[in-house]
Amino acid sequence: MAGREGTPHSSFRTIAVLTLVPVVALLGFVVWWLLPSATEHPTRSAAPPQPVAAAVTSPPPFAGSIVLILDDFGFDGQPIERAMQLDPDINFAILPNGNRATDFAHRLNRRGFEVLCHLPMEPIGPASPGRNAILTSMTDEEIIRVVRENLRAVPHARGVNNHMGSRATADRRVMATVLGALPDGMYFVDSRTGSQSVAEVVAREMRVRTAARHVFLDDVRTRAAVRQQLAALASMARERGVAVGIAHPHQVTLDVLAEEIPRLRESGFRFLRASSAVN
């Protein structure tokens, strides 16, 4: 009967082991809960790092509006592609007697630029304004016919400015006839090529939307001179709210504009289409 001699002790040990198992397990859980480790309980984990907010750059305060008109386009070999890269809100004045006038007008319109008809008008002195110019010797009927012929050569034109014209723009009859020949809604920008111009005054009397040039940028074709004139235009825009500048497709002019237009925008100036500035 040797096999039955150890039964009471074996049963006691079994009960003791079974009693200790949950106690050990409980102690182990408590130790796991209290001691930090790579697998800490989620409620005890450190808060995740907060993302750093990106710096917000405020736009520069508004400094003034500049209307920039590039005159004399309409001929083979002119840097029209480069000029279109300067800014989407510059304006192009096309000479209707240019051999590429109509083509350029269509091209600029497709790219979203504002187009003006650069109407040739009689100057004081021997300089020639080119074919189909408005002359003070013309009758009213002749002036009306020539204005309309020139406008047909520059499709998509929203306005007109004068090419030369120091004599014609000083003549009230001539200007009243020119302005009366414009389609309804078309504006006239007085290039002010002569100090005696009455173009803006007559336009206002006739309720034709108008404005006048303040600064020529490139009468002197050097970088320093163009830069100085552009600074004067910006200063005038700051003082008046809006200023009108006229330039030409000379290489030196385009070089300076390519450098300075982004800086002017960064300084708070904006460029306007002429149709937004006339009144």
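Side-chain contact between Val256 and Asp218 is absent, with no heavy-atom pair separated by less than 4.5 Å. The side-chain heavy atoms of Leu86 and Leu68, taken from C-beta on, include no pair separated by under 4.5 Å.
In this structure, the separation between CD on Gln228 and CG on Leu217 is 11.5 Å, given to the nearest 0.5 Å. Here CG of Leu119 is found 5.5 Å from CG of Asn150. Values are rounded to the nearest 0.5 Å.
By the neighbour-count criterion of 12 heavy atoms within 6.0 Å, atom CZ of Arg221 is sparsely surrounded, having that number or fewer from other residues, nucleotides or ligands. Around atom CD of Gln251, no more than 12 heavy atoms belonging to other residues, nucleotides or ligands sit under 6.0 Å away.
Side-chain polar atoms of Thr169 and Asn162 form no donor-acceptor pair below 3.5 angstrom.
In summary, Arg263 and Glu260 engage in a salt bridge, as defined by a charged side-chain N under 4.0 Å from a carboxylate O. Remark: Arg270 does not engage Asp87 in a salt bridge, criterion side-chain N to carboxylate O under 4.0 Å. Ion pairing between a basic and an acidic side chain is recognised when a charged N comes within 4.0 Å of a carboxylate O; Glu200 and Arg204 show such pairing. Under 4.0 Å is where a charged nitrogen must lie from a carboxylate oxygen, and between Arg213 and Asp71 no such pair does. Ionic pairing of Glu149 and Arg131 is not present here: no N-O contact between side-chain nitrogen and carboxylate oxygen is shorter than 4.0 angstrom.
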From CA spacing to verdict: side chain to side chain contact (heavy atoms under 4.5 Å, CB included), Arg107, His156: CA-CA 10 Å; Arg107 192 167 169 186; His156 315 294; over 6 Å; no
